[in-house]
> 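Following this message is one structure expressed as structure tokens.
None of the values given here were measured: they were computed from a predicted structure. Just so you know, residue 1 is the first one in the sequence shown, and it goes up from there. Atoms considered below: every heavy atom in the structure, side chains included; atoms not considered: hydrogens, waters and symmetry mates.
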Amino acid sequence: MTSDPLVVSGHAEVRAVLADPRFTVDPVPRPPFALSVAWLRGAVGRFAEGSTHAERRAAGEAVLAGLDPDALRAEAFRLASRDAGPLPCPPELVPVLVLAVALGVPAQDGPRAVEAVTALAPAYLPGREEVDTEAADEGLARLARLLGDPAPERLAVLAGLLAQACGPTAGLVRGALATAAASQTVEQTVEELLDETLRRDPPVRTLRRRAPGDGRAVMLDIAAANRDPRALSHLTFGAGPRACPGRRVALALAAGTVEAVAR
């Protein structure tokens with residue numbers, strides 16, 4: 001293997017890699033069950049390959065299928081609206097709050113769930129040695145209690161979804177609100193605003209794969225691919241067999257929040 005990754009930045013080329021199952025992620029080993037982020041990374045579908053990935057992805061899709069995006073959007077709008085009183089958390093974390101309650105956290109404990117998720121989320125991605133793993137582990141333990149101590153497989157699904165809401169979805173809200181504040185153009189719909197943000201300032205800027213054959217690291221520059229003049233659509237949610245299964249839910253949560261705050 002070479003030490004320097006191959007950088008792919010053209011829209012068509014990035015899409016082709018994402019669509020090709022021969023390009024793999026680096027699987028994270030699953031340690032014995034413990035309320036730790038190291039265990040969580042090894043138990044979610046995002047960092048798995050083959051049949052393990054397929055099984056875990058199906059479990060996540062089943063949970064997502066039980067959610068109503070329209071209801072989530074309405075609740076995010078209600079909580080982020082000035083009419084609802086002081087925000088229980090920063091605007092970009094409203095999606096985490098709404099999703100936590102939708103996944104089983106009692107409504108009165110929603111703010112506590114947000115605190116737990118914001119503690120664990122920075123350590124969720126592999127290779128984040130600089131983060132406080134002890135605080136992250138404590139956050140996962142608190143989240144598990146708030147979710148009613150579900151079975152390990154279900155906890156992995158729920159915690160993974162919430163970590164994503166605390167990362168990319170919160171980043172999308174922040175970016176969209178910044179875009180709205182800086183815009184000098186005619187008023188946009190919230191859908192147009194989110195689409196512009198996903199294209200120009202994506203919360204997920206790179207993805208990594210391993211090339212077939214020599215196993216060379218491949219860095220997919222999503223931000224550059226989205227700006228490719230040949231691009232007809234953005235790739236912020238990925239593409240192919242590993243495309244983000246929570247796209248509709250994430251967009252609904254972000255839309256309700258941004259619509260209320262930008263109003």
Side-chain angles (χ1 to χ4, degrees), residues 1-32 37-65 121-131 152-153 156-157 159-161 163-164 167-169 171-172 198-251:
M1 296 184 191
T2 59
S3 57
D4 295 328
L6 172 66
V7 179
V8 181
S9 58
H11 185 274
E13 292 76 13
V14 169
R15 179 178 284 278
V17 171
L18 291 172
D20 189 339
R22 296 177 301 162
F23 286 84
T24 59
V25 302
D26 289 329
V28 175
R30 180 173 182 171
V37 178
W39 167 81
L40 178 62
R41 285 196 297 262
V44 297
R46 177 170 180 173
F47 311 120
E49 273 293 336
S51 60
T52 301
H53 168 256
E55 180 181 340
R56 294 176 183 175
R57 181 182 176 93
E61 290 174 338
V63 171
L64 291 166
Y124 178 63
L125 295 178
R128 300 288 181 89
E129 291 81 3
E130 73 281 4
V131 303
E153 291 76 12
V157 171
L161 291 174
Q164 289 292 116
T169 308
L172 173 58
L198 288 163
R199 284 175 177 271
R200 299 180 180 276
D201 187 23
V204 177
R205 306 190 70 81
T206 61
L207 292 172
R208 290 186 175 271
R209 295 290 188 267
R210 287 281 174 191
D214 62 2
R216 184 177 183 182
V218 179
M219 188 187 80
L220 305 177
D221 190 337
I222 301 299
N226 286 354
R227 293 192 298 268
D228 189 327
R230 301 169 295 170
L232 299 178
S233 61
H234 65 77
L235 294 170
T236 305
F237 288 100
R242 300 184 73 99
C244 176
R247 177 176 184 143
R248 289 186 65 219
V249 166
L251 288 175

> Taking Val218 as the fixed residue, which of Val14, Val7, Val8 is the one that meets the side-chain contact (heavy atoms from CB on, under 4.5 Å) rule?
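Exactly one option meets the side-chain contact (heavy atoms from CB on, under 4.5 Å) with Val218, and it is Val8.
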> Would you check if Pro27 and Phe47 make a side-chain contact, meaning some heavy-atom pair closer than 4.5 Å?
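In short, these two side chains do not touch, never coming nearer than 4.5 Å.
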> Tell me, with the steps shown, if Val25 and Leu207 meet side-chain contact (heavy atoms from CB on, under 4.5 Å).
CA-CA 9 Å; Val25 302; Leu207 292 172; over 6 Å; no
> Can you tell me how far the CD1 atom of Ile222 sits from the CZ atom of Arg15, to the nearest 0.5 Å?
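Answer rounded to 0.5 Å: 10.0 Å.
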> If you count every heavy atom of other residues, nucleotides or ligands that lies below 6.0 Å from Arg199 atom CZ, does the total exceed 12?
yes
> At what distance, to the nearest 0.5 angstrom, does CG of Leu40 lie from CZ of Arg46?
11.5 Å
> Using modelled atom types only, decide if a donor and an acceptor are shared between the side chain of Gln164 and the backbone of Thr169 within a distance under 3.5 Å.
no
> Test side-chain contact (heavy atoms from CB on, under 4.5 Å) on Trp39 and Arg30 and set out the steps.
CA-CA 6 Å; Trp39 167 81; Arg30 180 173 182 171; 3.7 Å; yes
> For Val44 and Ala156, work out which heavy atoms get closest and say how close.
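Looking at all heavy atoms of both residues, the closest pair is CG1-O, 3.5 Å.
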> Are the side chain of Thr236 and the backbone N or O of Leu198 linked by a donor-acceptor pair below 3.5 Å?
yes
> Looking at CZ of Arg208 and CG of Leu125, how far apart are the two atoms once the value is rounded to the nearest 0.5 Å?
11.5 Å
> For the atom pair NE2 (His53) and OG1 (Thr24), what is the distance rounded to the nearest 0.5 Å?
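The NE2 atom of His53 sits 11.5 Å away from the OG1 atom of Thr24.
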> How close do Pro245 and Leu64 get, heavy atom to heavy atom, and via which atoms?
O-CD1, 3.5 Å
> Do the side chain of His11 and the main chain of Ser233 share a donor and acceptor less than 3.5 angstrom apart?
yes
> Please assess Asp26 against Arg210 for the test side-chain contact (heavy atoms from CB on, under 4.5 Å), listing each intermediate value before the final yes or no.
CA-CA 7 Å; Asp26 289 329; Arg210 287 281 174 191; 2.9 Å; yes
> I'd like to know if Asp214 pairs up with Arg216 as an ion pair, taking the criterion as any Lys NZ or Arg NE/NH1/NH2 lying under 4.0 Å from an Asp or Glu carboxylate oxygen.
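Here Asp214 does not pair with Arg216 in a salt bridge, since their nearest N and O are not under 4.0 Å apart.
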> Find the distance between CZ (Arg209) and CG (Leu220) and round it off to the nearest 0.5 Å.
6.5 Å
> Work out which heavy atom in Pro126 is nearest to a heavy atom in Arg41; give both atom names and the distance.
N-CD, 3.7 Å
> Which atom pair, heavy atoms only, marks the closest approach of Val131 to Ala123?
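It is CG2-CB, 3.5 Å.
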> Can you see which heavy atom on Leu251 is nearest to which on Leu172, and at what distance?
CD2-CD2, 4.2 Å
> For Ala231 and Ala225, work out which heavy atoms get closest and say how close.
CB-O, 3.8 Å
> Is it the case that more than 12 heavy atoms not belonging to Glu55 sit under 6.0 Å from its CD atom?
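No - once you tally the heavy atoms of other residues, nucleotides and ligands closer than 6.0 Å, there are 12 at most.
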> Report the distance from atom OG of Ser51 to atom CZ of Arg56, rounding to the nearest 0.5 Å.
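These two atoms lie 9.5 Å from each other.
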